[in-house]
Amino acid sequence: MFFDPFLPLRGGNGLEGVHRPGHGIGGNLGSRTYTPRRIGRRRSQIDIAVLASGSGTNLQALIEAPEVRPHIRVVVSDRPEAPALGRARAAGIETAVVPWSDHPDRASFSVALADLVEEAGAKGVVLAGFMRVLSADFVERFSGRILNIHPSLLPAFPGARAVEGAIGHGVKVTGVTVHFVEEAVDTGPIVAQRAVEVLPDDTVDTLHRRIQVEEHRLYPRVVAAFVTGALTLEGRRVVWS
Ligand code: GRF
């Protein structure tokens with residue numbers, strides 16, 4: 001149940017679509033032909049901007065990951081009071097705020113954000129509890145270079161109330177998904193997932209706390225692979241090298 005995407009899998013375990021280090025991943029692509037799209041050149045490193053709106057516990061996990069920390073150029077928030085900004089400052093990382101209320105619409109907000117990310121020298125974008133939907137132009141500008149973490153096993157329970165959704169539906173297992181971002185919300189190619197059991201007496205808070213324990217383990221490992229150019233997109237498949 002508690003699948004670790006960073007351990008090699010034995011064949012035939014039904015976990016298609018998950019990581020098999022050094023072997024790409026399983027999954028039926030039918031007869032479509034895909035052109036592999038590498039994130040940067042093979043194994044070339046990229047720096048990132050981390051976007052966060054809230055408490056920033058995932059940001060903290062990234063800051064504490066030695067393979068990730070040197071690649072964080074800037075932490076950006078849409079909320080000046082976001083505790084995530086304090087975490088970045090305490091770590092000596094540049095911060096910036098792009099207030100949502102300063103912009104007439106999503107398109108203009110997203111252009112300001114994208115310009116700031118590029119000016120900071122970041123080639124990749126890592127969303128860590130960023131509560132704004134990015135414009136189609138933003139996603140196109142950083143195509144294949146935006147990661148998000150979501151507190152459910154996508155495609156189940158997309159959207160802002162994923163933990164409430166899992167409890168309300170009565171599922172016995174939920175979890176964490178790290179995925180590339182495309183224009184539609186929470187639908188992009190899945191990079192890695194972790195399962196979390198839902199206990200009979202769980203509240204949204206208790207379940208979210210256990211989900212976050214898994215998030216803080218998983219995200220640094222995925223982002224470490226991302227910044228070292230070890231992730232490749234082949235259609236919807238994410239291949240690790
Ligand atoms: C996390 O649960 C993440 O899955 C979701 O937003 C939450 C952010 O938490 N996208 P934090 O700000 O990192 O503590």
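For ligands, and for the atoms within them, numbers begin at 1 and follow the listed sequence.
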*asked:* Heavy-atom contact check, 4.0 Å cutoff: does Ala52 meet ligand 1?
replied: no
*asked:* For the 3.5 Å polar cut-off, considering only N or O atoms, please tell me whether Ala128 and ligand 1 meet it.
replied: no
_Charged N-O contact under 4.0 Å between Asp115 and Arg141_ = yes
_Any side-chain heavy-atom pair of Arg87 and Ile93 under 4.5 Å_ = no
*Thr174 to Pro151 - nearest heavy-atom pair and separation*: OG1-O, 4.2 Å
*Any nitrogen or oxygen of His208, main chain or side chain, under 3.5 Å from a nitrogen or oxygen of ligand 1?*
yes
*asked:* Apply side-chain contact (heavy atoms from CB on, under 4.5 Å) to residues Leu147 and Val223 and explain how you reach the verdict.
replied: CA-CA 8 Å; Leu147 284 179; Val223 175; 4.1 Å; yes
*asked:* Checking Thr228 against Gln45: is there a side-chain donor and acceptor pair closer than 3.5 Å?
replied: no
*Can you pull out the closest protein heavy atom to atom 6 (O) of ligand 1? Residue, atom name and distance to 0.1 Å, please.*
Gly129 CA, 3.5 Å
_Among all the protein's non-hydrogen atoms, which is closest to atom 12 (O) of ligand 1, and how far away is it?_
Gly56 N, 2.8 Å
*Run the contact test for Met131 against ligand 1 with a 4.0 Å cut-off on heavy atoms, strictly below, and give the result.*
no
*Around atom 14 (O) of ligand 1, find the nearest protein heavy atom and jot down its residue, atom name and distance.*
Thr57 OG1, 2.5 Å
*Partner set under ring pair (Phe, Tyr, Trp, His ring centres under 6.0 Å) for Phe130, not counting sequence neighbours*: none
_Residue Glu215 vicinity, atoms of ligand 1 by number, heavy atom under 4.0 Å_ = 1 (C), 2 (O), 3 (C), 4 (O)
*Out of curiosity, does Val74 fall in the hydrophobic cluster containing Ile48 (side-chain heavy atoms, cut-off under 4.5 Å, transitive links)?*
no
_Closest protein heavy atom to atom 10 (N) of ligand 1, given as residue, atom name and distance to 0.1 Å_ = Ile149 O, 2.9 Å
_Please list the nearest protein heavy atom to atom 7 (C) of ligand 1 with its residue and the distance rounded to 0.1 Å._
Gln212 NE2, 4.0 Å
*Taking all non-hydrogen atoms of both residues into account, name the closest pair between Arg73 and Gly121 and its distance.*
NH1-CA, 3.5 Å
*Between Gly54 and ligand 1, does any nitrogen or oxygen pair lie at a separation below 3.5 Å?*
no
